[in-house]
2 protein chains.
Amino acid sequence: MSNAEVLPLLEPDGVAPCCPPLTERPLNAEEAERTAKMFKALGDPVRLRLFSAVASHEGGEACVCDISDVGVSQPTVSHHLKKLKEAGLLSSERRGTWVYYRVEPSVVAAMGRLLATAI
Amino acid sequence: MSNAEVLPLLEPDGVAPCCPPLTERPLNAEEAERTAKMFKALGDPVRLRLFSAVASHEGGEACVCDISDVGVSQPTVSHHLKKLKEAGLLSSERRGTWVYYRVEPSVVAAMGRLLATAI
């Protein structure tokens, strides 16, 4: 899977953000489609808690075993982690018994840039 | 309506952001509830286009007549603007014939801060 597929907020080079700050000019339809997916993925309280649990874990990486304390069942945790992966906000890797989830810092930075104010 | 109700991402003083960057520590349930609402509001392509149309308009303010060019009917535009208002992302004011929508810069800044990277 290429970076362009995993990280929809980035251009195919995997570095440049796709879209200008929301305060710079109106997004066009294609930019809005790409970007809305990521906001939607963070638009659920449980997913947001799981995302911040991974993002704030040492090294920006966490095992499912580290982040399940959000008051929902393990299958529900897995379901939400899958949604965050599909939105390109997390990547995962199996190492031994556990699956480790990692936040892509360039994606978080690209989302932050969208919300940067012109001031 | 107080600032605290209009701007859920800010503390009641209307200035301080409610929540730390997502990379700093896991959000608790209450913080995630407040924050997810705003991400959810931006998680729809049409709403995101309308929001960026207002945010990028001169003075961060736009009349409905300025921002209706997003390929949906006027009632649908009104519906989405109402959702953005309910999420605390836009405020509105009627002046003469038209309703003007305004982005609250401190709210955009608070959302940007959530996505600020530790790097």
Side-chain angles (χ1 to χ4, degrees), chain A residues 9 19-60 62 66-72 87 89 103-119, chain B residues 9 19-60 62 66-72 87 89 103-119:
Chain A
L9 263 196
C19 310
L22 298 178
T23 54
E24 197 171 296
R25 63 164 173 76
L27 295 187
N28 64 36
E30 190 262 338
E31 290 167 340
E33 284 286 344
R34 290 167 78 163
T35 307
K37 278 187 191 138
M38 312 193 84
F39 284 122
K40 190 174 180 183
L42 295 181
D44 175 274
V46 173
R47 282 203 292 277
L48 196 53
R49 290 186 75 188
L50 288 170
F51 183 77
S52 70
V54 175
S56 62
H57 206 260
E58 206 182 323
D66 296 320
I67 56 170
S68 299
D69 186 23
V70 290
V72 296
L89 289 164
V103 166
E104 188 53 55
S106 55
V107 174
V108 182
M111 290 190 79
R113 185 172 172 273
L114 276 170
L115 293 164
T117 49
I119 304 157
Chain B
L9 262 196
C19 311
L22 298 178
T23 54
E24 198 171 295
R25 64 164 171 76
L27 294 187
N28 64 38
E30 190 263 338
E31 290 167 341
E33 285 286 344
R34 290 166 78 164
T35 308
K37 279 188 191 136
M38 310 193 84
F39 284 121
K40 189 173 180 184
L42 294 180
D44 174 274
V46 174
R47 282 202 293 276
L48 196 53
R49 290 186 75 189
L50 288 170
F51 182 78
S52 70
V54 175
S56 63
H57 206 259
E58 206 181 324
D66 296 319
I67 56 171
S68 298
D69 186 23
V70 290
V72 296
L89 288 164
V103 165
E104 187 52 55
S106 55
V107 174
V108 182
M111 290 190 79
R113 185 173 173 273
L114 276 171
L115 293 163
T117 49
I119 301 157

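Every chain is numbered from 1, with letters handed out A, B, ... down the list of sequences.
- Scanning both residues, A:A32 and B:R49, for their nearest heavy atoms gives CB-CG, 3.4 Å.
- Heavy-atom pairs under 4.5 Å with chain B peak, among A:A41, A:S52, A:A29, at A:S52.
- Under the side-chain contact (heavy atoms from CB on, under 4.5 Å) criterion, A:E33 pairs with B:P45, not counting sequence neighbours.
- Screening B:P21, B:P20, B:P26 against A:S56 for a side chain to side chain contact (heavy atoms under 4.5 Å, CB included) leaves a single residue, B:P26.
- Residues that satisfy the side chain to side chain donor-acceptor pair (under 3.5 Å) test with B:E24, not counting sequence neighbours, are absent from this structure.
- For the atom pair CE of A:M111 and CZ of B:F39, the computed distance is 5.5 Å after rounding to the nearest 0.5 Å.
- Nearest approach of B:L115 to A:V108, heavy atoms of both residues: O-CG1, 3.2 Å.
- If you take CG on A:L48 and CG on B:L22, they are separated by 5.5 Å, rounding to the nearest 0.5 Å.
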